[in-house]
Amino acid sequence: MFKVYYFKKLKSTNDKAKEFGDKSIVIAEVQTKGRGRFNRKWSSSKGGLWMSIVLKPKIKNPKRITFITAIVVQKTINRIFGVDTKIKWPNDVLFNGKKLCGVLTEAIFKNNKMYKMIVGIGLNVNNKLPLELRKKAISLKEIIHKNLNTKKLSNEIIKEFFAQYKKYEKNNSRLLIDWKRLSDTVGRNVKVKTIDGVYYGIAHNVDEDCNLVLRLKNNRIKKIIEGDVFY
Ligand code: BT5
């Protein structure tokens, strides 16, 4: 069974979660130092769902867990509210092209061994988004036009998470098939920014390890392990 720990205010639920064991969940009403990938700032004001799940997983690839989590959020929101979202590689859930949710999966190492995975989920629910994000981000409240119960929603997401996790843990090919069905990245003309440069091409596929396989303009294949995709 899982156990949920609620806090009024934390710097980041992903950091607090490091203190807890397997299947613990940390939720904060507000994060003062919420972060995204590459240490980017994650806007986390009151009304949103800021949550981290602690796992001691068999799966050692954080991206696979991110894929599972994005599917879980997509499915839960669709089932409860009938809101249809799409997944963008590697970690976004989008509504009409705007970011509704971001996932940050971090592996924690001890003596050079990965011993924990922290899965951070940032979902805009009733929270107000800052002006500079309004063009590219959206909240559930803006879509549904009512205030939602974040606690109920978090319970649904957590239950769905453990159900889907169990299923996909043993079946990576199923994960990739389901992810591709819900994603709108594969097949698109994209621009990808990585630490070693900017690439243009078609998002051809995702490989076994959830990397993005890009077909460049000169037809060469480029594997993207980490980066930002634009379209
Ligand atoms: C992510 O990073 O999308 C991962 C976000 C994970 C947040 C959760 S909240 C619970 C847990 N605790 C944490 O401290 N973090 C996790 P990335 O793909 O790097 O996207 C970051 C970018 O999204 C920023 O640079 C902004 O452009 C944009 N952004 C920031 N806040 C946002 C928000 N509330 N909604 C939508 N977009 C946002």
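Whatever order the structure lists ligands and atoms in, that order sets their numbers, starting from 1.
- Salt bridge annotation for Lys193-Asp228: absent, with no cationic side-chain nitrogen under 4.0 angstrom from a carboxylate oxygen.
- Under the 4.5 Å side-chain criterion, counting only non-hydrogen atoms from C-beta, Val30 is not in contact with Trp50.
- Taking a 4.0 Å cut-off on heavy atoms, Trp42 registers as neighbouring ligand 1.
- Among protein heavy atoms, atom 8 (C) of ligand 1 sits closest to Gly122 N, 3.6 Å.
- Partner of Asp15 under the side chain to side chain donor-acceptor pair (under 3.5 Å) criterion, chosen from Lys33, Gln31, Arg35: Arg35.
- Put simply, part of Lys136 is less than 4.0 Å from ligand 1, judged by heavy atoms.
- The heavy atom nearest to atom 2 (O) of ligand 1, out of those in Lys16, Lys128, Arg37, Lys33, is found in Arg37.
- Taking a 4.0 Å cut-off on heavy atoms, Asn127 fails to register as neighbouring ligand 1.
- Between Ser52 and ligand 1, a contact under 3.5 Å exists for no N or O pair.
- Heavy-atom contacts of Met51 reach the following atoms of ligand 1: 10 (C) (cutoff under 4.0 Å).
- Linking ILVMFWY side-chain heavy atoms closer than 4.5 Å, directly or via other members, places Trp42 and Leu123 in two distinct hydrophobic clusters.
- Given atom 9 (S) of ligand 1, the protein heavy atom at minimum distance is Gln31 NE2, 3.3 Å.
- For atom 34 (N) of ligand 1, the choice among Ser12, Ala28, Ser139, Ser43 with the nearest heavy atom turns out to be Ser43.
- Taking the six-membered ring where tryptophan is involved, the planes of Phe7 and Phe20 are perpendicular, since the angle between them exceeds 60° and thus also 30°.
- One hydrophobic cluster holds both Ile224 and Leu216 under the rule that ILVMFWY side chains link at heavy-atom gaps under 4.5 Å.
- Taking a cut-off of under 4.0 Å to the non-hydrogen atoms of Val103, the atoms of ligand 1 that pass are 4 (C).
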| request: For the pair Lys180 and Asn205, evaluate side chain to side chain donor-acceptor pair (under 3.5 Å) and give the outcome as yes or no after the intermediate values. | output: CA-CA 8 Å; Lys180 277 188 251 181; Asn205 206 348; 2.9 Å; yes

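- Of the protein's non-hydrogen atoms, Lys41 O, 3.6 Å is the one closest to atom 24 (C) of ligand 1.
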Assess whether side chain to side chain donor-acceptor pair (under 3.5 Å) is satisfied between Tyr231 and Thr185, documenting all intermediate values. CA-CA 8 Å; Tyr231 50 78; Thr185 302; 3.0 Å; yes

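- Using a 30° and 60° split on the angle between ring planes, Phe162 and Phe2 fall in the parallel class, below 30°.
- Remark: side-chain polar atoms of Asn127 are paired, donor with acceptor, to backbone N or O of Val125 under 3.5 angstrom.
- Considering only non-hydrogen protein atoms, atom 15 (N) of ligand 1 sits nearest to Arg35 O, 2.8 Å.
- With atom 11 (C) of ligand 1 as the reference point, the heavy atom nearest to it among Asp228, Ile118, Leu10, Thr13 is part of Thr13.
- If you look at Asn124 next to ligand 1, the close heavy atoms, those under 4.0 Å, all belong to the side chain.
- Looking at atom 1 (C) of ligand 1, its nearest protein heavy atom turns out to be Asn91 ND2, 3.3 Å.
- Proximity of Leu100 to ligand 1, defined as any heavy-atom pair under 4.0 Å, is not found for any part of the residue.
- Remark: Glu160 engages Arg79 in a salt bridge, criterion side-chain N to carboxylate O under 4.0 Å.
- For atom 20 (O) of ligand 1, the nearest non-hydrogen atom from the set Glu132, Arg40, Lys99, Glu106 belongs to Lys99.
- Shown in contact with Leu133 at under 4.0 Å from a heavy atom are these atoms of ligand 1, numbered in order with element: 26 (C), 27 (O), 28 (C), 29 (N), 30 (C), 31 (N), 32 (C), 38 (C).
- A distance-only check finds no donor-acceptor pair linking the side chain of Gln164 to the backbone of Phe161 [under 3.5 Å].
- Those atoms of ligand 1 with a heavy atom of Gly34 less than 4.0 angstrom away are 14 (O).
- Residue contact annotation: Lys98 has no non-hydrogen atom under 4.0 Å from ligand 1.
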